[in-house]
Amino acid sequence: MAGQRRQNRILSPDFFKSDALELAPKLIGKYLVREYEGNIFRSIINEVEAYMGEEDLACHASKGRTPRTEVMYREGGHIYIYLIYGMYYMLNIVTGEKDHPQAILIRGTQEVSGPGRLTKFYHIDKSLNTKLLLPETGLWLEESNIELKYKTTPRIGVAYAKEWALKPWRYVAY
DNA sequence: ACAAAGATCCGT
DNA sequence: CGGATCTTTGTA
């Protein structure tokens, strides 16, 4: 039909095989896309945080390989979701090579702020955990032409992580 | 088997 | 600033 919307370029799982610190700023301005029960949700990511390996005390992989963290040891492009405070699902994208546990927490889009509110809004729950970021999964990212300015700050809610809590690994558009 | 803590959010 | 609410993990 005339006037059909151009399909945005889908970011393949391979896109996420580099380091979280390199990828995190690149995710600012990308589309997060969710297909759920026939509805498409598409919004621009404007806040993320990087979690970097076993040394990073804020990273769940600092506990080593456990049933929960196993997915972080897979190659980039996998989805890591966990429940926090008994109520809120956190959406993470695994990054890097196999056996280099890292992830990027998606904290907000232009539609909805806050990682717990975000997953609720987009109907994202643990059923997506360990899946790949692909259209057939119902959750994926797309390229955009939007260039957002961003700043870095320390990560939120990780005061327990000693000196790692000070790393400026939160990226937020302004 | 049990206790403690947690990458949050909301209402007071 | 405290409560909600439950999974994950460490310890015994």
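Chain letters run A, B, ... following the sequence lines, proteins first and then strands; every chain starts at 1.
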Counting Watson-Crick and G-U wobble pairs whose two distances are both under 3.5 Å, find the runs of 3 or more in a row that involve DNA chain B. B:1-6 with C:6-11, B:8-11 with C:1-4

How does each nucleotide of nucleotides 3-12 of chain B score, in 5' to 3' order, for protein heavy atoms under 4.0 Å: base (B), sugar-phosphate only (S), or none (-)? ---BBBBS--

Between A:K63 and C:dT7, is there a contact of a side-chain N or O with OP1 or OP2 at under 4.0 Å? no

Output the distance between atom CD1 (A:I10) and atom CG (A:L141), rounded to the nearest 0.5 Å. 10.5 Å

Students often get this wrong, so: under 4.0 angstrom with heavy atoms, is A:K120 touching a base, only sugar-phosphate, or nothing? nothing

Lys/Arg N to Asp/Glu carboxylate O, A:E142 vs A:K30, below 4.0 Å: no

Is any side-chain N of the basic residue among A:K167 and A:E163 closer than 4.0 Å to the acidic one's carboxylate O? no

Mind telling me whether A:W169 and A:W164 have parallel, tilted or perpendicular rings, with 30° and 60° as the class edges? tilted

Between A:F41 and A:H123, how do the two ring planes meet: parallel, tilted or perpendicular, split at 30° and 60°? tilted

Would you please test A:Q102 and A:T95 for side-chain hydrogen bond (donor to acceptor under 3.5 Å, both in side chains) and show each step? CA-CA 6 Å; A:Q102 310 174 349; A:T95 63; 2.8 Å; yes

Does the side-chain hydrogen bond (donor to acceptor under 3.5 Å, both in side chains) test come out yes or no for A:D14 and A:S12, once each step is laid out? CA-CA 5 Å; A:D14 281 348; A:S12 78; 4.6 Å; no

Could you work out the separation of C:dG2 and B:dA5 based on their P atoms and round it to a whole Å? 16 Å

Given A:Y122, which partner from the list A:R34, A:E35, A:E111 fulfils the side chain to side chain donor-acceptor pair (under 3.5 Å) test? A:E111

